[in-house]
Amino acid sequence: MEKPAFLFDLDGVIFDSEGQYTVFWDQIGREYLGMDGLAARLKGETIETSLNRCFPEDRQKKEEVRQKLYRFEAEMKFDYIPGAYDFLEYLKREGYPTAIVTSSNRLKMAKVYKARPEVPSLVDHILTGDDFSRSKPDPECYLLGMKVCGSVPENTFIFEDSFNGLKSARDARGKVIALATTNSRDAVAPYADLVVDDFLDIRQAIATSFGIGL
């Protein structure tokens, strides 16, 4: 059997950044829509999907919020989820097919690369929201990730944290591992084959849950 492929969402999976987005989008919800909890509804979506959801008929507000988001992202911190860097480095060294599959666009990724220039060398492929036509929770992005990695669903592990992302991974029929970084373990468990807090013991967790030694 060929080596399994590993697909990773970015925010809340590789980087501990979802909390920062929660602050931003909840403030947008209060300021523009007079509502609380907007961030939870948008997590995992592309920026275009989120803007269209929030301001379906208001192009001016879409552009205004877009520019605010770009300025916010330029100041974001991209700290690794514990164990994520070491696990990615291990997979790369051992020749496992890997890809980042994120709803972030290329402009956002340029900021990531500036802050973390090592990221492109840690995986074989990086797919952004500009590379697929349908946003999470549609499975298109993860099916594309499997394709570029030369893998099939039953031989692919997908790491996600948001509900939209987990639904996308589940519908792509991969082996879904949920990171309880954005939502509670109990909340994400129905969408995943395995729930973890971080990557510190991930190889043992995979071996125990799936019978696959890495």
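You'll find the side chain of Gln27 stays beyond 4.5 Å of the side chain of Leu38, heavy atoms only. You'll find the side chain of Val188 stays beyond 4.5 Å of the side chain of Glu160, heavy atoms only. The closest side-chain heavy-atom distance from Phe87 to Tyr80 is not below 4.5 Å.
To the nearest 0.5 Å, atom CG of residue Asp197 and atom CG of residue Leu200 are 9.5 Å apart. Of the inter-residue distances, the one linking Leu127 atom CG with Tyr142 atom OH reads 10.0 Å to the nearest 0.5 angstrom. Separating the OG atom in Ser50 from the CD atom in Glu45 is a distance of 4.0 Å, to the nearest 0.5 Å.
Other residues, nucleotides and ligands place no more than 12 heavy atoms under 6.0 Å from the CD atom of Gln60. No more than 12 heavy-atom neighbours from other residues, nucleotides or ligands sit within 6.0 angstrom of CZ on Arg173.
Side-chain contact check for Lys62 and Asn52: at least one donor-acceptor pair (N or O, by modelled atom type) lies under 3.5 Å. No donor-acceptor contact under 3.5 angstrom links the side chains of Glu18 and Thr181, judged on distance only. For Lys167 and Ser162, the side-chain atoms include no donor-acceptor pair closer than 3.5 Å. Gln67 and Glu63 form a side-chain donor-acceptor contact under 3.5 Å, judged by distance and modelled atom types alone. Checked by atom type, the side-chain pair Thr208/Gln204 shows a donor-acceptor distance below 3.5 Å.
Legend: ring-ring contact (aromatic ring centres under 6.0 Å, His included) pairs involving residues 100-137, not counting sequence neighbours: none detected.
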Verdict with supporting geometry, Tyr85 and Phe199, ring-ring contact (aromatic ring centres under 6.0 Å, His included): CA-CA 9 Å; Tyr85 177 88; Phe199 291 94; over 10 Å; no
*asked:* I'd like to know whether Phe8 forms a side-chain contact (heavy atoms from CB on, under 4.5 Å) with Val101, so could you lay out the CA-CA distance, the side-chain angles of the two residues, the decisive distance to 0.1 Å, and finally the verdict.
replied: CA-CA 6 Å; Phe8 300 85; Val101 182; over 6 Å; no
Open item on the list: Using side-chain contact (heavy atoms from CB on, under 4.5 Å), reason through Phe15 and Met76 one step at a time and then give a plain yes or no.
Closed with: CA-CA 11 Å; Phe15 293 120; Met76 283 179 65; over 6 Å; no
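Partners of Tyr191 under the ring-ring contact (aromatic ring centres under 6.0 Å, His included) rule, at least two apart in sequence or in another chain, are Phe163.
When each of Asp86, Leu214, Leu179, Val196 is checked for a side chain to side chain contact (heavy atoms under 4.5 Å, CB included) with Ile202, only Val196 meets the rule.
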